[in-house]
**Q** 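Just passing along the structure, written as structure tokens.
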Protein chains: 2
Amino acid sequence: MTSDLTPVRPVHLDRSSPVPLYYQVATRLQELIEKGEIGVGARIENEVDLAERLGVSRPTTRRAIQYLVERGMLVRKRGVGTQVVHPKVRRPVELSSLYDDLVAGDRAPRTEVLDLRVIPASDSIAASLSLEAGSSVTWIERLRFAGGEPLALMHNAIPLDVLEVTAADLAAHGLYELLRRAGHVPRIATQVIGARSATAAEARILEEKRGASLLTMTRTAWDTTGRALEYGSHLYRASRYSFELNLSAG
Amino acid sequence: MTSDLTPVRPVHLDRSSPVPLYYQVATRLQELIEKGEIGVGARIENEVDLAERLGVSRPTTRRAIQYLVERGMLVRKRGVGTQVVHPKVRRPVELSSLYDDLVAGDRAPRTEVLDLRVIPASDSIAASLSLEAGSSVTWIERLRFAGGEPLALMHNAIPLDVLEVTAADLAAHGLYELLRRAGHVPRIATQVIGARSATAAEARILEEKRGASLLTMTRTAWDTTGRALEYGSHLYRASRYSFELNLSAG
DNA sequence: GTCAATACTTTGTCATGACAAACTGACTTG
DNA sequence: CAAGTCAGTTTGTCATGACAAAGTATTGAC
């Protein structure tokens, strides 16, 4: 079992760039692996040699490799070396919005804003968002279409000082996109995914039969500083949608 | 706004221990935060001072803090400092088994093995496990109870050389526990979570009404070396179970 | 008194050097 | 010939030192 040791050749690092060196190295390695120039199962150069050839220190090389290890592309074994185990990055779990997913999947999303107003938060919503009971929140109700068919009925509550939106904004953009644009980057979220049967009203809106199975998802998202950005309670047509997750345990 | 700078005092590090220093430091910090001795919002000592007081180098201190940052407890800001944002570790996503979850939740799990035999893998299962079509796999069908009630109907396929199990093993232990015991540690998995209505047979087994909503979950799990360990296709009673996920985007 | 420039604090990046631990493979020895 | 030993390879951990970048607080000028 001779595993071919793949030499990574042409690498130009830009020391004047604001992009950290370790990140430049990691990106370069990632490209080589994604393109298949370093195949699955192949061993990459050892840290010391790689560092020397690239003209960077070993810690920098280590950090670059570590970055790809955490993403599931590489595996390291002491005394053995570093091996490619997967040709693509596996993100731990995408903290993206449904809208982004649909755009990425070419499924022509469309959003209909059913309701948009400012209301005092219910106790449970206030608790989820770490607000005082009765604080004002923006309440949003949207119907999301994909490929011309209704896909999800979405309810959101957003603290007033986090975001100001218009129905037009919501019709044209995903909620997470608007949040990001306002400088609020969601970083941590807790989700609960369940299922239940549609009520008559829900079935009518989603064009399902009464009693059809729906996926439910409630989520609270925070930014890096621990500030709650969004509470969501959504209903998806189980016949048209499912959640895909990539998990990695460390 | 004077944020109290919390000094972390008594720390004994064991330099002769095989446990890395950075991990000892991280664990100690984590304890202090979980116990509430360093409250949410409080700033911790800066890296340089902390390193000096603990008698370790700054990189070691940095690595310990970084570890907790990745787990969502701490937030760092250049020029500002490091702050506690959450009093508990938020695991990215638990790659645990249902059995472990139930045990942890004191819900008295019980397992009934409905089927256990070796069969040639179907094309789709072989593809999921990266096996050649027709390879033999162990096929397992289990009914999982919690609190005396049926909770999930579980189907698994496992490559023959990964695990040998008896019905008695499966009745007494979770599948992931058995895998780990055999030296196969699941590290990466992809899951798809959906929903559908129960068939008559499924409803009968799970003691639900016909047409009741069920949660579906299919999963493939790999170890660190990229070897496929397990394929699972499970059905959960939506009235009794939901998935809880903690996400963090980097 | 207000605003801009400056000094200070704190984390981010990078280099160099050293030793330890785990795995591999070849060699030695019985 | 088989099994244990030992050397070599490669990653893991840790220390020291230095400078850069970002944010905060102070100071000074108008």
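Each chain gets a letter, A, B and so on, in the order its sequence line appears, and its residues count up from 1. For the numbers below, each heavy atom of this structure counts, side chains included, while hydrogens, waters and symmetry mates do not.
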**Q** Below the 4.0 Å mark, does D/dT13 have OP1 or OP2 next to a side-chain nitrogen or oxygen of B/Tyr22?
**A** yes
**Q** Grab the CG-P distance between A/Leu21 and D/dA21 for me, whole Å please.
**A** 13 Å
**Q** In whole Å, what is the span from the CG atom of A/Leu13 to the C1' atom of C/dT13?
**A** 14 Å
**Q** Under 3.5 Å, is there a donor-acceptor pair linking the side chains of A/Arg76 and A/Gln66?
**A** yes
**Q** May I have the distance from A/Leu54 (atom CG) to C/dC14 (atom C1'), rounded to whole angstrom?
**A** 14 Å
**Q** CG of B/Leu229 to CZ of B/Arg180: how many Å apart, nearest 0.5 Å?
**A** 10.5 Å
**Q** Measuring to OP1 and OP2 of D/dT11, would you say a side-chain N or O of A/Thr82 lies under 4.0 angstrom away?
**A** yes
**Q** Within the structure, does a side-chain N or O atom of B/Thr60 lie under 4.0 Å from either OP1 or OP2 of D/dT13?
**A** no
**Q** Map A/Gln66 and A/Pro59 onto DNA chain D by nearest heavy atom, then report which one ends up closer to the 5' terminus.
**A** A/Gln66
**Q** Round to the nearest Å and state the distance from B/Ile65 atom CD1 to C/dT10 atom P.
**A** 12 Å
**Q** Under 4.0 Å between a side-chain N or O of B/Arg43 and OP1 or OP2 of D/dG23?
**A** no
**Q** Would you please say whether a donor-acceptor pair under 3.5 Å links the side chains of B/Arg63 and B/Tyr67?
**A** no
**Q** Measure from the side-chain N and O atoms of A/Gln83 to the backbone N and O of A/Gly41, and report whether any donor-acceptor pair falls under 3.5 Å.
**A** yes
**Q** Can A/Asn156 and A/Glu230 be counted as having a side-chain donor-acceptor contact under 3.5 angstrom?
**A** yes
**Q** D/dG12, OP1 or OP2 - any side-chain N/O from A/Arg76 closer than 4.0 Å?
**A** yes
**Q** Nearest to the B/Glu47 side chain among D/dT11, C/dG12, D/dT16, which nucleotide is it?
**A** C/dG12
**Q** Both A/Tyr23 and A/Gly79 contact DNA chain C. Which one's nearest nucleotide lies toward the 5' end?
**A** A/Tyr23
**Q** Which of the following nucleotides, D/dA15, D/dT10, D/dA22, is nearest to the side chain of A/Asn46?
**A** D/dT10
**Q** Between B/Asp49 and B/Arg58, does any NZ, NE, NH1 or NH2 come within less than 4.0 Å of an OD or OE carboxylate oxygen?
**A** no
**Q** Using OP1 and OP2 only, check whether a side-chain N or O of B/Arg58 sits under 4.0 Å from D/dG17.
**A** no
**Q** Please report, rounded to the nearest Å, how far the P atom of D/dA15 is from the CG atom of B/Leu50.
**A** 12 Å
**Q** In whole angstrom, what separates B/Gln83's CD from D/dT24's P?
**A** 11 Å
**Q** Which of the following nucleotides, C/dT24, D/dT11, C/dG12, is nearest to the side chain of A/Arg62?
**A** D/dT11
**Q** What is the distance, to the nearest angstrom, from the CG atom on B/Leu68 to the P atom on C/dT11?
**A** 14 Å
**Q** Over how many whole Å does the gap from B/Glu45 atom CD to C/dT9 atom P extend?
**A** 15 Å
**Q** Within less than 4.0 Å of OP1 or OP2 of C/dC14, is there a side-chain N or O belonging to A/Arg63?
**A** no
**Q** Within the pair A/Arg15 and C/dA15, is there a side-chain N or O less than 4.0 Å away from OP1 or OP2?
**A** yes
**Q** Considering only C/dT11, D/dG23, C/dT24, which nucleotide approaches the side chain of B/Arg78 most closely?
**A** C/dT11
